[in-house]
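Note sheet for the following structure.
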Amino acid sequence: ATRIHHHEQEVTEQGKTYTYPQPTIAKSASTPGSLLNRPGGSLLLRRGHAVPQAVKTIIRNSKLPRIDASWLETQHLQLQGNEIGSLDLSNSRISQLEISGNTIGRSVDFSHTQVKQANVQVLAKDQAKLEGSNIKLPR
C-alpha cells in the first residue's frame, strides 16, 4: 500500500520519489504542533480550521496497487494518469481535489471526506463510496 504523508510530495515515475525537506526540531513540544506554530491534536479538534496542513500532493503516471490517503489534510491533491488498484481518501479534508485520466480497478472510498472544489473523473457504477462526503461525481 502507498501511504501519503502530510508533506509536499510528487511521484512522477514508479520508484522515483522526491520529498521536499521538512524542518526537524531536537526538543519536544508542550502541545502537538506548538514548536512549528501549527494547530495540533486530533483532527476532530480541528474541524473548524478552514485551511488544511499540507500544501500539495501530486501523483502522476504511476502504477500503484493501493493508495491509502485516509485522513489526509492538504490544500491540493492531484491524481493524474495513474493505474490504481484501489483508492482510499476516507475522512480527508482537501481544498482542491483533481482526479483525471486514471485507471482505477477496484473501489474508491470518499466516505466522510470534505472538499471545497472537486474535479473527479467518471467512475464505474457503484465503484465510489460517498457516505458522509460532499463530493459530487459526474454522471
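No side-chain heavy atom of F110 sits under 4.5 Å from any side-chain heavy atom of V115. The shortest distance between side-chain heavy atoms of L89 and V108 does not fall below 4.5 Å. A heavy-atom distance below 4.5 Å is found between the side chains of V120 and L97.
Side chain to side chain, Q121 and N102 meet the donor-acceptor criterion of an N or O pair below 3.5 Å.
Note on residues 122-131: no pairs pass side-chain hydrogen bond (donor to acceptor under 3.5 Å, both in side chains), not counting sequence neighbours. Sequence neighbours left out, the pairs with a member in residues 103-113 that pass side-chain hydrogen bond (donor to acceptor under 3.5 Å, both in side chains) are D109-S111.
Residues passing the side chain to side chain donor-acceptor pair (under 3.5 Å) test with S90, sequence neighbours excluded: D88. Take N119 and apply the side-chain contact (heavy atoms from CB on, under 4.5 Å) test, not counting sequence neighbours, and it matches no residue. Under the side chain to side chain donor-acceptor pair (under 3.5 Å) criterion, E83 pairs with no residue, sequence neighbours left out. Every residue two or more places apart in sequence or in another chain that forms a side-chain contact (heavy atoms from CB on, under 4.5 Å) with E98 is listed here: H76, Q78, Q96.
Among all heavy-atom pairs drawn from Q75 and S95, the shortest one is O-CB, 3.1 Å. Counting all heavy atoms, side chain and backbone alike, S92 lies closest to A69 at OG-O, 3.1 Å.
Expressed to the nearest 0.5 Å, how far CD1 of I104 lies from CD1 of I84 amounts to 5.0 Å. Put simply, CZ on R93 and OG1 on T74 are 13.5 Å apart, with the number rounded to the nearest 0.5 Å. With rounding to the nearest 0.5 Å, the separation of CG in L77 from CD1 in I94 is 5.0 Å.
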*asked:* The test is side-chain contact (heavy atoms from CB on, under 4.5 Å); show your working for L64 and L87 and say whether it passes.
replied: CA-CA 9 Å; L64 304 160; L87 174 61; over 6 Å; no
*side-chain contact (heavy atoms from CB on, under 4.5 Å) evaluation trace for L123 with L137*: CA-CA 8 Å; L123 299 171; L137 298 178; 4.2 Å; yes
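With hydrogens and angles ignored, the 3.5 Å screen pairs a side-chain donor or acceptor of N82 with a backbone N or O of N61. In this structure a side-chain-to-backbone donor-acceptor pair under 3.5 Å is present from S133 to I135.
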